[in-house]
Amino acid sequence: QGLCIQRAHMCPGGHSFGRMGACHGAASRSMGGPASMRVYGKRRALLVGINYCGTQSELRGCINDVVNQKNVLKEHFGFTDADILMLTEDEPKDKWPFKARILQGLKWLYEGVLPGDLLFFHYSGHGSQFQTPDGVQADCICPLDCINQPWPGSVILDTEIHRCFYNPLPQGAKAIAIFDCCHSGTVANLTVKRELNLSGEYAPRARYLTAPATVAVKETAPLAGIRRGVVSGNYEDHQLWVFSGCQDTQTSADAFCDGAFQGAFSWALFKALRSDVWNESYIDLLEQVKCNLRGYTQVPALTTTHEPYLSYWYCGREPEVASREELAVDHQSGGKKALLIGINYRKTQNELRGCINDVLTYKEVLLRRYGFKESDMLVLTEDEAKDNWPYKARIIEGMRWLMKGAKKGDTLFLSYSGHGSQMTDRTGTEPSGMSDCICPLDCDKPWPAYIILDTEIHEYVYDELPDGVKLTCIFDCCHSGTVANLACLRNVNLLGGFEEVPTVPEQYNKTRYMAPPEDVSKPQAASMSGFACRAGNPAQMKKASGLRMAVADRNMYTNRHLWVFSGCQDTQTSADAYVSGKYQGAFTWALTNVLRNHRFCMKYENLLTSTRATLSGKYSQVPALSTTRRAYFDRYFLGRSSPELLSRGIQCAR
C-alpha cells in the first residue's frame, strides 16, 4: 500500500537486476553502491505553498508547509538560502505562485543541472482533476490564478509537470517531488477520519478544488496522473522519487497540528525527518510517515522508477558515522544474556511452524559466533520443559531475568517469534485507537490479561535498561491490525483467517498475525490528547508508540544502547515460511543467512540493508530497525568487530 515502482526492473542500458541493489553490467551504471546514493553536486529546491487567501477555497497550512520544508532542508540536508526559491502569498508579489511564475521556477530549477545534482520540488495547495478535450481524466495542481481564470489555461496539468520536471532530468542527477494535495475527483466525497475541531475553530479540510462544470470529469474518463506517470516506462534512466500526501481516492488534509496550521502529510513528513528513527532511506521514511498519520484516512504514496531506489538515502544524506569513542564500546567486555521466545501454537487454529526453529537458529548463532554460553540463555518454547513454556507470566519472568543485574559493558539479546496483533486501546493515547501486542501461548484466554502489550515491553525491558548496557531486540511477527488485509508476494491466500496447511512444504507461507477477539477488535475513539496531529505529553504518548517506534523517543531513551528489529513494516506481514529445507520465519532466515555470509561481523546499518536485499523479490515484507541515536546504526551487531578475523583477511561488512 502506498508504494509504486517501475515494473520492468532494468538498469539504464538494459542491465538486469539480481537482488536489490545489485546491477549486472557496467559499474558506472550500478544502482546499489553508496556512491550512487550520494549528492556530490549542487542542490536546488522550488517550494510552492498556496493558501488562496480571501477566497472560498482558502486553506491555512500550505505556506507553513513550505516554511517548515525550507527549515528542514537547511538544517538537515545541506541546502542554503541561495539554493531555495519560495513561491507563496507571503513573498513579494513577483514571487506569488501564479501559473507562469511556477513554470518559471521549474525552469530555474533545471538551469545548469549536472550529474550528481539534487533537485527538490514541494507543492502544498489544492489539487484537482478535469476532463481534457480528448476525454482523458487529467490530474492538475492549482496555482493562485486558477481561482478566477479559465481552466485548463490557469492550472498546471500532469503532462506539464512531466514535461517541466520529470523529462529534463539528466542521467546521474536526482529529483524528488512532494505533492501535499489531492489528485482524484472522487476525493471530494471523502472526509477526514477524525473530524475533530483541533483548534476550536478549524476542522481539517480536503485540499481538493472542484473543477468548473465545463471541464468536470466524467466517470468513464481514462486516467492520467501526476504520480502514475513515473511508472509509465518513460523515465527508466531517471533517478526520480515522487511522494503524494494520499492515495488517488483520498483526501490530503489541511489541518491544525502541533499548534500551527499545516498539511497533515507535510507535518508527518517533517516529524519523521526530525526523529532518530531509521529513516535514512525512502522506504523507511514512507513507513514512518504512515505511522505518524495514524488517525487520518489518508495513506501517503511513494513512486519511483526502479526498486533499488527505495533503499537510497533520502536527499542523499548519509547515515552518521560512529565516533571512535562509540566504537570503542563494542570492544568492552562484559556479561551476556539472551531471552529467546518461539511459539508455534501447536494444535490450534493459529498454528505456525517456524517459530521454534527461529529460536534454535538464534541460539546456535549466539553460542558459536557471539560468545554466549548455555547458562547465559533462557529459551521459552513448547519444546522445553513445561515450566519454560511461553505463557505470559513466564515471558514476563524471562524479561525480568534478562534485565536483572545488568551493568555497564553487558550485552543483552531478546528475540520473539510468534504472532503479533492489536487490540482496542484503553489508554486514550493511541491515535489509531488500537494498541500493539505480542501473543503468548495462553492468549486463547481473555485479552488483555493474557497478551503482552507494547507498554508492558516498555515497562519490563526498555525502561529497565541501564546506561552502558547494549540491548538488541528482534520481533519476527506482525505489529499492526492492518496487516490482516495484506498478503505476501507468493500469492498465498492470507485473507480468510488461517488456511489449511499445504501438503507440499515449499507452498507453506502464513502471516504471523493473530486476529484479536471480537470484544477488543475495534478502535477506541481517539482523545484530543492522543490525536495523531497534536502535541502530546511524552509520558502519555509513550503508550502509543508500539514495539519499535518507542525506541526513538528522545524524551525516554536518549543515550541508551538499544536496537530493535522488526521483521516487517507496521503495515505489512511477517511470513512464517518454508525456506532452505525447514520451517522458519522469512525475516529470521534472511537475517541469519546474511550474518553467515559476512562471517557474523556486520554493522547494524549494513545488516538491515542486506537483509532487505535478501528478502526482496521473494517476500513483500520490508524489515525495519529503530535505535536511540543515528550514530548507533554504525555500530557492530552484538559488538562483534572481530579483529582476529580481519587479520586473516576476512572482511567485516562496512
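As a basis for the values below, the full set of heavy atoms in this structure was taken, side chains included, without hydrogen atoms, waters or symmetry mates.
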Check: [Y] main-chain N/O paired with [X] side-chain donor or acceptor under 3.5 Å:
{"X": "Lys618", "Y": "Thr614", "answer": "yes"}
{"X": "Gln621", "Y": "Ala575", "answer": "yes"}
{"X": "Ser244", "Y": "Cys246", "answer": "no"}
{"X": "Lys392", "Y": "Ala449", "answer": "yes"}

Compare every heavy atom of [Y] with every heavy atom of [X], then report the nearest pair and how far apart it is.
{"X": "Leu412", "Y": "Ala406", "value": "CD1-CB, 4.2 Å"}
{"X": "Val289", "Y": "Pro300", "value": "CG1-CG, 3.8 Å"}
{"X": "Trp241", "Y": "Gln239", "value": "CZ3-O, 3.5 Å"}
{"X": "Pro623", "Y": "Leu608", "value": "O-CD1, 3.7 Å"}
{"X": "Cys477", "Y": "Gly420", "value": "CB-N, 3.8 Å"}

Is the shortest side-chain heavy-atom distance between [X] and [Y] below 4.5 Å?
{"X": "Asp410", "Y": "Lys470", "answer": "no"}
{"X": "Trp563", "Y": "Leu471", "answer": "no"}
{"X": "Asn388", "Y": "Glu382", "answer": "no"}
{"X": "Tyr636", "Y": "Met602", "answer": "no"}
{"X": "Ile341", "Y": "Leu414", "answer": "yes"}
{"X": "Met423", "Y": "Leu453", "answer": "yes"}
{"X": "Ile176", "Y": "Val242", "answer": "no"}
{"X": "Leu591", "Y": "Leu607", "answer": "yes"}

Could you go through the side chain to side chain contact (heavy atoms under 4.5 Å, CB included) check for Thr361 and Asp358 one step at a time?
CA-CA 5 Å; Thr361 299; Asp358 287 356; 5.6 Å; no

Salt-bridge contact Glu397-Arg400 (side-chain N to carboxylate O under 4.0 Å)
no

Is the shortest side-chain N to carboxylate O distance from Lys337 to Asp376 below 4.0 Å?
no

Does the ring of Trp389 carry Lys386 above it, NZ/CZ under 6.0 angstrom from centre and within 45° of its axis?
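Yes, a cation-pi geometry holds between Lys386 and Trp389.
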
Looking at Tyr632, does the NZ or CZ of Arg635 lie under 6.0 angstrom from its six-membered ring centre and within 45 degrees of the ring axis?
yes

Show the numbers, then the answer: is there a side chain to side chain contact (heavy atoms under 4.5 Å, CB included) between Glu364 and Leu367?
CA-CA 5 Å; Glu364 178 192 10; Leu367 286 171; 6.0 Å; no

Pairs involving residues 342-372, ordered by first then second residue, that meet ring-ring contact (aromatic ring centres under 6.0 Å, His included) (sequence neighbours left out):
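Only Tyr345-His419, Tyr362-Phe413, Tyr370-Phe637 qualify under ring-ring contact (aromatic ring centres under 6.0 Å, His included).
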
Atom [atom1] in [X], atom [atom2] in [Y]: separation rounded to 0.5 Å?
{"X": "Leu625", "Y": "Ile474", "atom1": "CG", "atom2": "CD1", "value": "9.5 Å"}
{"X": "Leu402", "Y": "Ile395", "atom1": "CG", "atom2": "CD1", "value": "13.0 Å"}
{"X": "Arg346", "Y": "Glu351", "atom1": "CZ", "atom2": "CD", "value": "8.0 Å"}
{"X": "Gln288", "Y": "Asn292", "atom1": "CD", "atom2": "CG", "value": "4.5 Å"}
{"X": "Leu352", "Y": "Ile343", "atom1": "CG", "atom2": "CD1", "value": "9.5 Å"}
{"X": "Thr455", "Y": "Ile452", "atom1": "OG1", "atom2": "CD1", "value": "10.5 Å"}

Begin from the C-alpha positions of Thr472 and Tyr604 and carry the test side chain to side chain donor-acceptor pair (under 3.5 Å) through to its verdict.
CA-CA 10 Å; Thr472 300; Tyr604 284 92; 2.7 Å; yes

Dump the intermediate steps for side chain to side chain contact (heavy atoms under 4.5 Å, CB included) on Leu285 and Leu269, then the final yes or no.
CA-CA 8 Å; Leu285 180 58; Leu269 175 70; 3.7 Å; yes

For Lys363, the salt bridge (charged side-chain N to carboxylate O under 4.0 Å, His left out) test, sequence neighbours excluded, returns Glu374

Looking only at the side chains, is there a donor atom on one of Asn344 and Arg353 sitting less than 3.5 Å from an acceptor on the other?
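The answer is no; no qualifying pair exists.
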
Would you call the rings of [X] and [Y] parallel, tilted or perpendicular if under 30° counts as parallel and over 60° as perpendicular?
{"X": "Tyr578", "Y": "Tyr583", "answer": "perpendicular"}
{"X": "His458", "Y": "Tyr462", "answer": "parallel"}
{"X": "Tyr282", "Y": "Tyr314", "answer": "perpendicular"}

Go through it in stages, so that I can follow the logic: the residues are Trp589 and Ser580, the test is side chain to side chain donor-acceptor pair (under 3.5 Å), and I'd like the CA-CA distance, side-chain angles, deciding distance and then a yes or no.
CA-CA 8 Å; Trp589 161 77; Ser580 298; 3.1 Å; yes

Give the C-alpha distance, both sets of side-chain angles, the deciding distance and a yes or no for side chain to side chain donor-acceptor pair (under 3.5 Å) between Thr588 and Asp476.
CA-CA 7 Å; Thr588 294; Asp476 196 351; 2.7 Å; yes

For the pair Asp436 and Gln422, evaluate side chain to side chain donor-acceptor pair (under 3.5 Å) and give the outcome as yes or no after the intermediate values.
CA-CA 5 Å; Asp436 290 346; Gln422 284 194 327; 2.7 Å; yes

Checking side chain to side chain contact (heavy atoms under 4.5 Å, CB included) for the pair Leu562/Leu465: CA distance, chi angles, key distance, verdict?
CA-CA 8 Å; Leu562 175 58; Leu465 187 66; 4.0 Å; yes

